[in-house]
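Reading through the structure tokens given below for one structure.
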Amino acid sequence: MSVDWRVVARAAGYRVVGADVTVTLGSGRQQKVTVDDARTPEAIRFWSIILGPKATGELGDGQPLEYAWERNRLSDLIGFTLDSSGRLIGETWLPI
């Protein structure tokens, strides 16, 4: 990649620590997004924890992915998965 994403993110006003970018939303809520640029030379994976294992457990069996679909059903850019720790992960891949 010819331009370092960290330089671009900092120039846009985001806080960058290692591979993590902290995004502040209009409501003041913050979301940490991890940038994984080492997996493939064609795309960058951006992912974030949507719900921790305690919160997904409180939703009940099968409910975390239904919850994600309900909240984001109008967006085709984000995929969701449960990781081995029981966290709900939102991710997207962007071409370089």
Side-chain angles (χ1 to χ4, degrees):
M1 195 160 112
S2 61
V3 177
D4 187 345
W5 64 264
R6 290 167 187 84
V7 172
V8 174
R10 286 186 183 111
Y14 296 118
R15 192 175 118 223
V16 178
V17 177
D20 297 328
V21 178
T22 301
V23 178
T24 302
L25 305 171
S27 64
R29 188 176 76 81
Q30 294 184 335
Q31 186 76 26
K32 183 175 81 171
V33 177
T34 300
V35 181
D36 185 355
D37 60 359
R39 296 183 94 174
T40 172
E42 295 87 23
I44 298 175
R45 177 183 179 234
F46 295 85
W47 65 274
S48 185
I49 299 170
I50 306 302
L51 293 174
K54 181 179 179 191
T56 58
E58 290 172 357
L59 291 174
D61 284 344
Q63 296 302 306
L65 295 178
E66 184 177 322
Y67 168 83
W69 181 83
E70 284 289 334
R71 292 207 43 191
N72 296 286
R73 64 186 176 273
L74 300 178
S75 174
D76 293 331
L77 299 175
I78 306 296
F80 296 95
T81 188
L82 288 173
D83 72 3
S84 60
S85 299
R87 301 177 302 181
L88 180 65
I89 303 294
E91 67 179 354
T92 191
W93 293 80
L94 298 175
I96 293 179

Distance-minimising heavy-atom pair for S85 and P53: O-CB, 3.2 Å

Compare every heavy atom of R6 with every heavy atom of G18, then report the nearest pair and how far apart it is. O-NE, 3.4 Å

Co-members of V17 in a cluster of I, L, V, M, F, W and Y side chains, linked at under 4.5 Å: none

Rounded at 0.5 Å granularity, tell me how far CG in D83 sits from CD in E91. 10.5 Å

side-chain hydrogen bond (donor to acceptor under 3.5 Å, both in side chains) with T92: which residues, sequence neighbours excluded? none

Please answer: with hydrophobic residues joined when any side-chain heavy atoms are less than 4.5 Å apart, are L88 and W47 in the same cluster? no

Would you say I44 ends up clustered with V21 if hydrophobic residues are merged whenever their side chains have heavy atoms under 4.5 Å apart, either directly or through other cluster members? yes

T24 side chain vs Q30 backbone, donor-acceptor pair below 3.5 Å: no

side-chain hydrogen bond (donor to acceptor under 3.5 Å, both in side chains) partners of T34, counting only residues at least two apart: D20

Give the intermediate values and the outcome of side-chain contact (heavy atoms from CB on, under 4.5 Å) for residues I89 and I49. CA-CA 5 Å; I89 303 294; I49 299 170; 3.9 Å; yes

Looking only at heavy atoms, what is the nearest atom pair of L51 and A55, with distance? CD2-CB, 4.0 Å

Are any of the side-chain heavy atoms of W5 and V16 separated by less than 4.5 Å? yes

Using 0.5 Å steps for rounding, measure from the CD atom of Q31 to the OG1 atom of T22. 9.5 Å

